[in-house]
Amino acid sequence: MPKQNPLAVGIDLGTTYSCVAVCQHGKVEIIADDQGHRTMPSFVAFTPAERLVGEPAKSQASLNPQNTVFDAKRLIGRKYEDATVREDVKHWPFAVVNHEGKLKVQVSHKGKLQTFYPEEVSAMVLAKMKQTAESYLGCSISQAVVTVPAYFSDAQRQATIDAGAIASLQILKILNEPTAAAIAYGLNAKSPEGESRNILIFDLGGGTFDVSILSVEDGIFEVKATAGDTHLGGEDFEKRLVDYLAKEFKKKYKEDILQDKKAMQRLKMACERAKCTLSSCSSANISVDSLYQGIDFHTTVTRARFEDLCADLFRATLKPLGRALKDAKMRKTDIKDIVLIGGSTRIPMIQKLLKDYFHGKELCKSINPDEAVAYGAAIQAAILTGNQTPTMKNMFLLDVTPLSLGVNTQGGVMATIIKRNSPLPTKETMEFTTTEDDQDTILFMVYEGERALTKHNHLLGTFTLKGIPPAPCGVPVITVTFSVDENNILTVSAKDVDTGNTSQFTISDTRGRLGKEEVEEIVQKAAELRAHDVSQQEKVEAINSLESCTLELKRAAEEDVLDVAAKRRMLELCKSTTSWLEASPSVEKEECEQRQRDLEETWESICNTLVQEEGVEEMPGEDQADADGGDPPEEMD
Ligand code: AMP
């Protein structure tokens, strides 16, 4: 039998929901968790005793808002002082702290304040997806293709790779979400051979918005342009609804709920449900019992009101459309298919705006908007590990850079070295020189962004070229080379042409990204947390086992024919065990196991005594069917 290559999974690591898929036996499967959910909330909660990930974390969020972390994708790869972070923290119930320019979330866990990098939180979500896949597939998974918004910056991509390493997952490829969706769509919507088809992927999720235009021809997926907003999605729409209802509440009850994190979290969850209802109904009821100071809050929101509250945000999705078409050098009529991805594309007004923009063209809704990205990532994972099916054999991806890359020059002007939407991999070189006589060092500041002045763009990092021999200004020739690999990861180097001196910029030097040692330290910490989770789970199992053993023996002692003393002894032991369990919130696994052994041994000795004294053949409680009216036990000789 041919040897099967190790399986790798595709993971859609979403802002609000994540999804994992695998391609095996010639087909792609979305992997459901143990409760049958095909997507998992990207939530992590910390309690005094344990760490929860996914659905259990989200469902306890309103009771434990300060220690329930979500939106890690809105933090990853960003700096503490980023304007978007400063705006977001106003709405999050958990704390975000500054740790030497890098940001961390702060929660109370196991009785003390602890901080975690966004990479660590994302790693916890990734580890959960890995675990879900492993228990479904029955084998260990160590490799994955993970998707990110096409518009993610270099720092955000690097940080996602770090999150994979922390979760013990080797990231085979960082794939752009719209590209993954196009693969999923393209695999099922084939064009006649030799015919090219332009697909526009409109991806509006929980926190990010992406537009990508791809041309697909004979299995080759070529990204022509991408545009979007890493900070626009369903959560922003919800926030509008929450703010509106908080104002309504204040108007009606003269009470301000904005500072009450638990109330705000409960209102937010009600608003998410209402928002989803409004996609199929013209009005939605919002009902939160005892929302604040014992006041029950019941109200109705109409679709028209919701659309009015979000009108500017909805319209903001059109701007990147124009930009993507312009960059792809296409007209609206060149687009063959408009594919909707991401839960927020279910909003009717979004669909209407998009349809109107394309002069009434029908939108493709044939693929599941929540699962398509993971589906495409699983196909890519299968290709990269040699597990592809014949239909995937000739598939080939050609991606592009989402943002322009360059360096700062005199007057703070951005010298763009690689233009946005350049096909990957790409490498460009530009010449620079000194600005002063006998200048022996040059400081290069590397930026990404589209603005003419670097102060409006995003600083990726700085590096210095030293040892330039004395010369009048403008004479030395320094070449700066930018190269971007298939994962959109940038490497920069500078060379003094005369001396051959070179300097290379490693992205890990930037303040926004974790250093190698930090990642190693976190990997160690994650392993400790995992070990704690396992021991916590074992403890819960030991408690459950002791509880059910106690109940079972109590019932048996009550029902079986025991002498009064033996019955009392057994019932007292059961009672003291139950009281011990109720009174000790933090019992140890070993203690539970010992108590269970004591119970079982006591019961066994009672039974043995009974057999010896009365010559009873069966142990008490062994044949309950008989006691319940089955055949009577056979008479002994
Ligand atoms: P995604 O990131 O693609 O998983 O999308 C998640 C976002 O889609 C969340 O903000 C959800 O609240 C939102 N969403 C899911 N279903 C609907 C719906 N029927 N109407 C409006 N928004 C939805």
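Read the numbers this way: they start at 1 and go in the same order the structure lists the ligands and their atoms.
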- Name the residues with a heavy atom less than 4.0 Å from ligand 1? T16, Y17, G205, G206, G234, E238, E272, K275, C276, S279, G342, G343, S344, R346, I347
- Item | Under 3.5 Å donor-acceptor, Q143 side chain and L172 backbone | no
- Using ring-ring contact (aromatic ring centres under 6.0 Å, His included) as the criterion, list what pairs up with F202, not counting sequence neighbours. F209
- Is it true that D82 and R86 have a side-chain N and a carboxylate O under 4.0 angstrom from each other? no
- Could you grab the distance from atom CD of Q156 to atom CD1 of I161, nearest 0.5 Å is fine? 12.5 Å
- Task: With sequence neighbours excluded, tell me which residues meet side chain to side chain contact (heavy atoms under 4.5 Å, CB included) with N421.
- Result: A225, T226, D327, V400
- Message: Applying ring-ring contact (aromatic ring centres under 6.0 Å, His included), can you list everything that pairs with Y151, at least two apart in sequence or on another chain?
- Response: none
